[in-house]
Amino acid sequence: MTRHQIDPRLYNDSDLSRHLLTVRGVQWLQGERGVPLARILRAQEADPRAWYPELRGYPALRQSDLDVWIIAEHAIAAKVMADPRLKVRDPRFARRRRRIYGLDADTTPKHVLAIDDATLALERDDHDRLRRLTDPVLGAAATNARRAHVAAVFGEVAEDLAGEFDLMTDYATRGVIVALADVVGLPVEKRPWFAEDVVGAGHVLDALLCPPTLHSTRRLVECYDRVKEMLTGLIEDGRCLDRVDEGTVLHELSRLADGEKREADTLAAGLLTLVVGTHLASNLICNAILALLDHPDQWALVREDPSLAGAVVEETLRYDPPLRIVSRIADRDTDLCGVTVNAGDQVVVLVDAANRDPAAFSEPETFDLARADPVPHLTFDDFPARFVAPVVRLLATEAIRALVPLLPGLERAGEVVRHIRSPVIGLIARCPVSTTSLR
C-alpha cells in the first residue's frame, strides 16, 4: 500500500467521500491542464488512444508528475513489468497508518483504494509460488482438459439467443460465471446469488487507480466481501468438499496446498479466478466479437474456420485488451533506461499503448488474425492477470467458437456503453447486438 491507499471499510462516509472526491478532483484538474495520464485515469472522455503517439519516443520514460513515470513503448514496458525492483506496494509505508488524501499532501495520490491486499496486492514471489501451487488445477494443461465442458456451457447459453440481445449480460457474463463456478467447484446451492455479487465487484482493479463514487465503493466492497465470505465458509467447512467434483479448485487445493497456507492459498486462488477472471474474460469476449464485427473480412475467416478462435483471442489481447494499465512503485532508487526513478515513485505502464507500438507491431491499428510480429503482446505479462490467463484464454476461445455456427447474422444493434471510471479494464456495461438468422 502507498501512504494514501486506504481500506474503505475503515472509514465513515464523510472521510471516505473526502478522500475519493479529492483524488478525483486532482485527476480532473491535472487532466484539464493537459496531463495525459490524468486524462486516462479519470476515464470519462474520448478514446485515450489518441494520446498514445505523443507519449512514445524520447525519452522512453515520461514524467507525468513529479513522482509519476509513464511508459507507452513496448520494449521498455516489457522490461519494466519484469523488473523485481518495482513493487505492488511501497514498502516504506507497510507498517504506517494510511492517510486520507488531501490537497495539502506532498505527493501524488498514486494508488487510491485497498480492497483486499492479501489477494490483489501479492508481490511477485508470492504470485509465482501461488501459480506453481495451482498449476495442476488452473495451469494451461489443466484448463485445456476442461475445454469440452466449457464449450458445452457456452453452446447452451448461445442456444437461447435470438433477435436482439446484450452480448455482455446475456452471453459473455452468463457463460463465464457458470464456467468459472464449475472450475472453482461452487456447490449448486451457493450459486443463485453468487452471480450478482461477482458482477458487483467488477471495479475491483479499477479502484486501485481511479476513485469510484461513494455508493460504488460501498457496493464494490460489499459484493467482494460476500464472495470472499462464501469461499471462506466453503474452505473452512471440509464437509463441502465431499460434494465438490474432483479437479476443481476447492477440491484439489485442499489436497495440494501446504498446511499453514492451505486456506489462504485456496482463498486467493478462488477470489482471483472468480472475481478477476470473470471480468477479464467477459470483457475479452465482447472486445473480440466487436473487433470481428468491425472487420468483416476477419469475421468471414473465422466463420470459415472456427479453429481461428484462438487467434482471435490473442489478437484481441493486443488490439483491445481487457487490462489496459499496470501500476508499480519503486522500492529503491532505480535506474530505468538511463533515468533515475526514486524510491516511492510510481511507474505506470500503458499496456494498451505498448500493444499498439508501431516500433513493435506492423500496422498496429489493424486487427489481423494472420499477424506474425516477432514480439508478443504484454496484456498477461503482469499479475494478477498472469494468474488467470490460462482460464481466461480458454473461456474466450470457446465463447467465440460457440457463436460462429449459431449466429452468422450477428451485427451491432446500438452503442456500446462502457462504465465511467474504468481506466484499467474498460468495463462494458451494455453491448447490444442482434442476429437476423440462426444456424
Side-chain angles (χ1 to χ4, degrees), residues 1-45 48 51 62-70 87-117 120-121 200-225 324-330 342-348 350 418-427:
M1 294 171 66
T2 58
R3 180 183 301 176
H4 302 292
Q5 184 188 5
I6 66 171
D7 182 343
R9 302 169 186 82
L10 303 180
Y11 295 86
N12 59 36
D13 284 357
S14 176
D15 288 341
L16 180 58
S17 292
R18 181 156 53 91
H19 176 76
L20 298 172
L21 288 171
T22 304
V23 175
R24 183 67 171 171
V26 169
Q27 289 181 348
W28 195 268
L29 289 173
Q30 288 180 334
E32 292 302 297
R33 288 169 41 211
V35 177
L37 180 60
R39 290 183 175 181
I40 292 169
L41 291 182
R42 70 188 191 182
Q44 194 169 329
E45 43 203 300
W51 303 316
R62 301 295 184 91
Q63 197 166 42
S64 179
D65 211 311
L66 292 180
D67 54 357
V68 178
W69 301 85
I70 186 169
K87 306 293 186 180
V88 177
R89 293 173 282 185
D90 189 338
R92 298 176 306 165
F93 302 115
R95 299 183 181 277
R96 298 186 192 178
R97 185 178 183 275
R98 308 295 165 253
R99 298 180 182 178
I100 291 174
Y101 189 74
L103 292 177
D104 58 343
D106 58 0
T107 63
T108 56
K110 297 188 177 71
H111 298 167
V112 182
L113 295 178
I115 303 301
D116 182 5
D117 271 2
L120 301 172
H203 285 283
V204 70
L205 297 183
D206 290 301
L208 178 72
L209 296 174
C210 182
T213 64
L214 175 63
H215 173 76
S216 296
T217 300
R218 294 300 190 203
R219 182 169 185 264
L220 165 60
V221 171
E222 289 171 2
C223 291
Y224 184 89
D225 285 350
R324 302 178 175 188
I325 303 174
V326 167
S327 174
R328 292 291 175 260
I329 307 296
N342 296 323
D345 280 7
Q346 182 183 20
V347 181
V348 176
L350 298 180
R418 295 185 185 266
H419 286 276
I420 62 172
R421 307 196 190 195
S422 182
V424 176
I425 293 182
L427 197 61

May I have the step-by-step check of side chain to side chain contact (heavy atoms under 4.5 Å, CB included) for Leu208 and Val424, ending in yes or no? CA-CA 9 Å; Leu208 178 72; Val424 176; 5.9 Å; no

Contact between Glu32 and Arg42 at the side-chain level, heavy atoms closer than 4.5 Å - yes or no? yes

Just verifying a value: how many Å separate Ile100 CD1 and Leu16 CG, rounded to the nearest 0.5 Å? 7.5 Å

Taking every heavy atom of Tyr11 against every heavy atom of Arg218, the minimum-distance pair comes out as O-NH2, 2.8 Å

May I have the step-by-step check of side chain to side chain contact (heavy atoms under 4.5 Å, CB included) for Gln30 and Leu37, ending in yes or no? CA-CA 9 Å; Gln30 288 180 334; Leu37 180 60; over 6 Å; no

Pro423 side chain reached by Asp206 side chain, heavy atoms, under 4.5 Å: yes

Please step through side chain to side chain contact (heavy atoms under 4.5 Å, CB included) for the pair Val347 and Ile329, ending with a clear verdict. CA-CA 6 Å; Val347 181; Ile329 307 296; over 6 Å; no

Please give me the minimum heavy-atom distance between Val112 and Cys210, naming the atom from each residue. CG2-N, 4.2 Å

Start with the C-alpha gap between Tyr224 and Leu120, add the side-chain angles, then the distance that decides, and say whether side chain to side chain contact (heavy atoms under 4.5 Å, CB included) holds. CA-CA 12 Å; Tyr224 184 89; Leu120 301 172; 4.2 Å; yes

Sub-4.5 Å side-chain heavy-atom contact between Asp15 and His19: no

What heavy-atom pair brings Thr22 and Arg18 nearest, and what distance separates the two atoms? OG1-O, 2.6 Å

Contact summary for His111 and Ser327, nearest pair of heavy atoms: NE2-OG, 2.7 Å

Heavy-atom pair of closest approach, residues Arg9 and Ile115: NH2-O, 2.7 Å

Taking all heavy atoms of His203 and all of Ile420, pick out the closest pair and write down the distance. CE1-O, 3.9 Å

Kindly say whether Gly426 contributes a backbone atom to a donor-acceptor pair with the side chain of Arg418 at under 3.5 angstrom? yes

Would a 4.5 Å heavy-atom cut-off, applied to side chains only, mark Pro109 and Leu209 as touching? no

Validation row: Leu20, Pro212 side chains within 4.5 angstrom (heavy atoms): yes

Less than 4.5 Å apart, any side-chain heavy atom of Asp345 and any of Lys110? no

To the nearest 0.5 angstrom, please state how far the CD atom of Gln346 sits from the CD1 atom of Ile70. 9.5 Å

Does some side-chain heavy atom of Ile425 sit less than 4.5 Å from a side-chain heavy atom of His419? no

Should Asn342 and Asp67 count as side-chain neighbours, where that means a heavy-atom distance under 4.5 Å? no

Answer yes or no: is there a donor N or O on one side and an acceptor on the other, between the side chain of Arg39 and the main chain of Gly31, under 3.5 Å? yes

